[in-house]
Amino acid sequence: MQSETERIRVLLAITRLELGGAQRVVLHTARKLDRTVFDVALAWGPGDLLDDEAAAISELERIPVPTLVRPVAPISDLRALSSLRAAMRSFRPDVVHTHSSKAGILGRFAARLVGVPAVHTVHGFGFTPLQAAPMRFLYRTAERTMARFTDHFVTVSETDRLRGIELGIFPPEKATVIMAGVDLERFRAAKDGDAVRERLGVPVGPPVVTQVGNFKPQKAPLDFVRVAAEVQKQHPDCWFVMVGDGPLRETAEGLAHELGVEDRMVFPGWWSDVPGLLAATTVSVLTSRHEGLPCSVVESLAAGVPVVAIGRLLADPGLRDQMAVAARDGLEDFDRDLMVRQQEDLYRWMCSHSRS
């Protein structure tokens with residue numbers, strides 16, 4: 001059994017540190033794990049916007065793995081596997097905790113090769129309706145195969161836990177729900193909406209509909225532009241803000257021009273002050289085709305912004321205010337510090353079982 005004074009070494013692994021909910025979860029975990037108990041390392045494929053945040057975390061062993069990339073790339077994948085295995089032999093973790101599909105597959109395999117317990121967080125499954133059938137089958141088969149190398153699973157929602165059980169990826173006793181946490185207090189204190197509107201070039205007063213997320217097929221950004229064009233017919237004073245970037249941004253901007261809403265639609269790129277942005281927002285929208293747990297929705301609710309995709313809230317200020325007040329309630333399970341404490345408990349439990 002593990003003694004109360006014995007330290008626990010945790011290696012976190014994620015494919016990339018691009019802007020996204022899973023990446024925020026990993027970085028906050030790396031930052032906030034109790035250093036009186038835990039020694040922490042982070043392995044990831046460098047080259048994205050959140051690399052600087054990883055560099056700023058104190059008491060963290062950083063392990064960049066340049067060959068860790070999202071696409072299936074056999075030569076790079078083998079090199080990444082070798083690098084992860086070498087990193088584990090050097091850091092000697094008691095627990096490996098993987099996030100995202102590629103790091104999840106390679107990280108768990110490397111952990112098995114060096115004999116270290118592995119836990120994997122499912123931020124939505126890697127096989128999705130957007131994939132061609134052969135690729136979807138490949139990812140589903142990979143998940144089932146890697147489940148044999150996984151000592152425990154974490155899902156960020158009860159829906160994904162039940163789906164994983166239904167698909168035969170893991171039995172009920174091997175999965176725990178730990179909600180993807182956000183900084184609730186920061187979003188609850190959101191203010192300076194008028195100043196943000198000025199920075200965006202949006203006038204004070206008219207309703208603003210906002211979507212925050214990357215411009216990838218999963219998020220369906222073109223659907224937001226199409227919806228904006230329809231909503232503007234009924235609410236010509238409404239403005240629309242699409243925060244983020246990605247491969248479909250130029251296409252989305254072109255569609256806004258084609259549909260005649262470019263003069264009411266703002267594409268500011270990535271925006272660091274999301275709480276301020278939400279303070280300037282009337283209604284928050286998410287057009288994603290699939291999600292594990294969308295942090296942008298939780299952030300909007302914490303800021304008191306209703307999340308819908310209908311025009312009724314724009315026409316009914318009373319209903320909008322009622323939903324805004326209700327949006328703030330019942331979010332305690334999404335507190336990001338609670339998320340870290342729950343992960344600490346899981347690491348202790350795994351170590352006590354592996355060492356007994």
Side-chain angles (χ1 to χ4, degrees), residues 1-18 22-48 50-70 76-121 123 146 148-154 178 339-356:
M1 295 290 290
Q2 176 195 10
S3 69
E4 292 185 1
T5 59
E6 192 170 358
R7 297 185 65 78
I8 298 174
R9 299 174 68 81
V10 178
L11 188 148
L12 306 170
I14 189 167
T15 308
R16 309 289 297 190
L17 285 178
E18 60 191 1
Q23 290 74 17
R24 293 292 188 190
V25 165
V26 170
L27 288 173
H28 190 70
T29 300
R31 187 181 299 113
K32 289 294 186 176
L33 282 172
D34 184 354
R35 294 306 198 269
T36 66
V37 178
F38 297 92
D39 295 319
V40 189
L42 172 63
W44 82 102
D48 290 289
L50 296 181
D51 286 7
D52 290 343
E53 287 197 24
I57 298 174
S58 61
E59 299 181 80
L60 174 69
E61 182 164 333
R62 284 166 283 276
I63 307 170
V65 183
T67 51
L68 187 53
V69 295
R70 284 195 182 280
S76 292
D77 294 345
L78 286 173
R79 289 173 176 168
L81 175 64
S82 178
S83 296
L84 289 168
R85 182 175 59 179
M88 291 175 195
R89 285 176 171 167
S90 174
F91 182 68
R92 296 176 291 106
D94 298 295
V95 177
V96 170
H97 189 169
T98 62
H99 299 255
S100 68
S101 295
K102 181 64 77 65
I105 292 171
L106 298 180
R108 282 178 283 172
F109 190 34
R112 175 56 60 95
L113 291 175
V114 299
V116 179
V119 57
H120 177 65
T121 290
H123 297 273
M146 293 313 303
R148 304 171 190 168
F149 303 154
T150 310
D151 296 271
H152 204 77
F153 287 86
V154 170
I178 299 179
M339 172 193 72
V340 175
R341 303 288 83 78
Q342 291 173 326
Q343 290 179 110
E344 289 178 344
D345 290 343
L346 177 59
Y347 299 154
R348 290 188 180 96
W349 177 84
M350 291 183 67
C351 285
S352 69
H353 281 68
S354 66
R355 293 170 177 171
S356 59

_side-chain hydrogen bond (donor to acceptor under 3.5 Å, both in side chains) for Thr150 and Arg108? Distances and angles first, verdict last._
CA-CA 7 Å; Thr150 310; Arg108 282 178 283 172; 2.9 Å; yes

_Any non-hydrogen side-chain atom of Arg31 less than 4.5 Å from a side-chain atom of Glu53?_
yes

*Check whether more than 12 heavy atoms from other residues, nucleotides or ligands sit under 6.0 Å from atom CZ of Arg341, and answer yes or no.*
yes

*Between His120 and Thr98, is there a donor-acceptor pair closer than 3.5 Å when you use the side chain of the first and the backbone of the second?*
yes

*asked:* Looking at Ala111, is its backbone amide N or carbonyl O close enough to the side chain of Arg85 to form a donor-acceptor pair, meaning the two atoms are under 3.5 Å apart?
replied: no

_Donor-acceptor contact below 3.5 Å, side chain Ser83 vs main chain Arg79_ = yes

*Minimum-distance pair of heavy atoms, taken over all atoms of Ala80 and Leu106*: CB-CD1, 3.8 Å

_Closest approach of Ala43 to Val65 (non-hydrogen atoms, all atoms of both residues)_ = CB-CG2, 4.4 Å

*Flag the pair Ile105 / Asp77 as yes when at least one side-chain heavy-atom distance between them is below 4.5 Å, and no otherwise.*
no

*asked:* Checking the side chain of Ser100 only, and the main-chain atoms of Thr15 only, is there a donor and an acceptor separated by less than 3.5 Å?
replied: yes

_What I'd like to find out is whether the side chain of Arg16 reaches to under 4.5 Å of the side chain of Leu68, using heavy atoms alone._
no

*Where do Trp44 and Asp51 come nearest, in terms of heavy atoms and distance?*
NE1-OD1, 3.1 Å

*Would a distance-only check, ignoring hydrogens and angles, find a side-chain to backbone donor-acceptor pair under 3.5 Å from Asp48 to Leu50?*
no

_If the condition is ring pair (Phe, Tyr, Trp, His ring centres under 6.0 Å), which residues does Phe109 pass it with, not counting sequence neighbours?_
Phe149

*Qualifying residue, where the test is side chain to side chain contact (heavy atoms under 4.5 Å, CB included) with Phe38 and the options are Glu344, Arg7, Glu59, Gln343*: Glu344

*List the atom of Val40, the atom of Ala30, and the distance in Å for their closest heavy-atom pair.*
CG1-CA, 4.3 Å

*asked:* On a heavy-atom basis, which atom in Gln23 and which in Glu18 lie closest, and how many Å separate them?
replied: CG-O, 3.0 Å

_Here's a test for you: under side-chain hydrogen bond (donor to acceptor under 3.5 Å, both in side chains), which of Arg9, His97, His152, Gln342 qualifies with Tyr347?_
His97

*Taking side chain as C-beta onward, heavy atoms only, is Arg35 less than 4.5 Å from Leu33?*
yes

*Backbone of Val340 reached by a side-chain donor or acceptor of Thr29 within 3.5 Å*: no

_Expected output: side-chain Arg348 to main-chain Ile8 donor-acceptor under 3.5 Å_ = no

*Measure the CG-CG distance between Asp39 and Leu60 for me, rounded to the nearest 0.5 Å.*
11.0 Å

*Taking all heavy atoms of Ala41 and all of Ile63, pick out the closest pair and write down the distance.*
CB-CD1, 4.0 Å

*Could you tell me whether the side chain of Asp151 and the main chain of Val119 form a donor-acceptor pair under 3.5 Å?*
no

